[in-house]
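Both counts, for ligands and for their atoms, begin at 1 and track the order of listing. Values in this document were obtained by computation on a predicted structure and should not be read as measured data.
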Amino acid sequence: MKISILTLFPDMFTGFIETSIIKKARLKDLVELNIVDMRAFTEDKHNRVDDYPFGGGAGLVLMCQPVLDALKSVRTKDSKVILLSPQGPTLNQAMAYDLSEEKDLVLICGHYEGFDERIRDYIDMELSIGDYVLTGGEVAAMVVSDAIIRLVDGVITQESHEDDSFSNGLLEYPHYTRPRVYEGKEVPEVLLSGHHENIRQFRLEKSLEKTLMNRPDLLEGRDFTKEEQKIMEKLKK
Ligand code: ADE
């Protein structure tokens, strides 16, 4: 998979692409990250990429020319072009799975007060990472590409993301590692038992409990299995 990220702040991505799983995915050629500086495309003699909004108002607006010329330089017939903006639908795990199947993604980071509305005519979709406003799309582009890259085949094991929160509609169960006792807090006995079925039941119960406490909205309309129904009845008591 190739991900091109169009930004005015390419330096922000240095740590992101050079660290941990994202770096490993690149080195294994599972993903290519192409950071494109939109300012390099401006035809303005003062190197400007933004201008005052017609009709007045606060702040500056990203101009069509540098953004769309940068887009033209990377777009192919396989590209899916995504504009990061708080006005898009909010990214979720199901969308991340779908996007991880794409061959060629282009993420455009907005900045300042916004961008010329006509840029929207050149994109395939808009995406937000949540109901708050960031100073720009860069952090959002990292969130979106991180969520997608870890799902690309071979980046992490299938097992590692099968039990992720949201993958099965529930929050993930708790994990423990050494030591068995830390400041008097013990690891649940069942996890030391080696009894796979009991461990599976414990984890399902903890998943349901955590989801009920923290994100009851995720349980609305869920098709509970018989086993889950029993656990839910117990939890609600
Ligand atoms: N740019 C500014 N805020 C954003 C958000 N919440 N999601 C995506 N891009 C953004």
Side-chain angles (χ1 to χ4, degrees), residues 1-17 19 21-22 31 33-42 48-75 79-102 104-152 164-166 171 214-215 217-218:
M1 167 189 277
K2 179 174 177 183
I3 304 181
S4 299
I5 300 178
L6 277 46
T7 172
L8 294 173
F9 301 96
D11 293 349
M12 283 181 74
F13 292 88
T14 313
F16 176 65
I17 68 173
T19 310
I21 291 179
I22 306 300
V31 54
L33 275 162
N34 176 28
I35 309 298
V36 179
D37 183 355
M38 293 191 284
R39 196 178 294 276
F41 289 84
T42 181
R48 294 185 56 165
V49 290
D50 49 21
D51 212 335
Y52 294 100
F54 282 124
L60 296 166
V61 175
L62 261 181
M63 294 188 285
C64 289
Q65 182 274 316
V67 177
L68 296 176
D69 281 356
L71 176 58
K72 272 181 212 149
S73 79
V74 296
R75 186 173 216 162
S79 299
K80 181 162 201 125
V81 181
I82 301 174
L83 182 66
L84 280 323
S85 117
Q87 295 174 20
T90 310
L91 177 74
N92 60 32
Q93 190 68 6
M95 290 179 191
Y97 266 108
D98 285 347
L99 291 171
S100 72
E101 308 276 325
E102 294 286 337
D104 185 279
L105 292 175
V106 182
L107 307 182
I108 306 177
C109 308
H111 233 273
Y112 310 120
E113 279 308 299
F115 25 77
D116 192 304
E117 184 67 18
R118 291 166 290 188
I119 291 172
R120 287 197 163 87
D121 293 343
Y122 298 80
I123 62 163
D124 296 309
M125 66 185 288
E126 219 165 314
L127 212 47
S128 167
I129 60 162
D131 291 347
Y132 39 79
V133 179
L134 304 164
T135 56
E138 280 72 16
V139 173
M142 289 185 229
V143 169
V144 170
S145 35
D146 187 290
I148 293 170
I149 290 169
R150 63 190 291 284
L151 299 175
V152 170
D164 280 346
S165 292
F166 314 113
L171 301 182
N214 294 355
R215 291 292 305 276
D217 56 299
L218 294 176

Do me a favour and list the nearest non-hydrogen protein atom to [atom] with residue, atom name and distance?
| atom | result |
| --- | --- |
| atom 7 (N) of ligand 1 | I129 N, 3.0 Å |
| atom 3 (N) of ligand 1 | L134 N, 3.0 Å |
| atom 9 (N) of ligand 1 | S85 N, 3.2 Å |
| atom 6 (N) of ligand 1 | Y132 O, 2.8 Å |

Q: Determine whether more than 12 heavy atoms belonging to other residues, nucleotides or ligands lie under 6.0 Å from atom OH of Y122.
A: no
Heavy-atom gap [X] to ligand 1 smaller than 4.0 Å:
| X | answer |
| --- | --- |
| A141 | no |
| G110 | no |
| V144 | no |

Just which atoms of ligand 1 are under 4.0 Å from any heavy atom in [X]?
| X | answer |
| --- | --- |
| G130 | 6 (N) |
| L127 | 8 (C) |
| G136 | 1 (N) |

Q: Let me see the working for D164 and R150 under salt bridge (Lys or Arg N to Asp or Glu O under 4.0 Å), right down to the final yes or no.
A: CA-CA 11 Å; D164 280 346; R150 63 190 291 284; 2.7 Å; yes
Q) Of the options L71, I5, D124, N34, which is the one that meets V106 in a side chain to side chain contact (heavy atoms under 4.5 Å, CB included)? A) L71
Q. Using heavy atoms and a threshold below 4.0 Å, how should the contact between A140 and ligand 1 be classified: side chain, backbone, both, or neither?
A. side chain
Q) Where does D131 meet ligand 1, judged by heavy-atom distances below 4.0 Å: at the side chain, the backbone, both, or neither? A) neither
Side chain proximity check, [X] to [Y], heavy atoms < 4.5 angstrom:
| X | Y | answer |
| --- | --- | --- |
| N92 | F166 | no |
| M95 | D98 | no |
| S79 | L105 | no |

**Q.** N-O pairing of D37 and R39 below 4.0 Å
**A.** no
Q) In Å and rounded to the nearest 0.5 Å, what is the CG to CZ distance from L84 to F115? A) 8.5 Å
Q) Just going by heavy-atom distances, which of P86, G137, S128 is nearest to atom 4 (C) of ligand 1? A) P86
Q. Is there a donor-acceptor pair closer than 3.5 Å between any side-chain N or O of T14 and the backbone N or O of D11?
A. yes
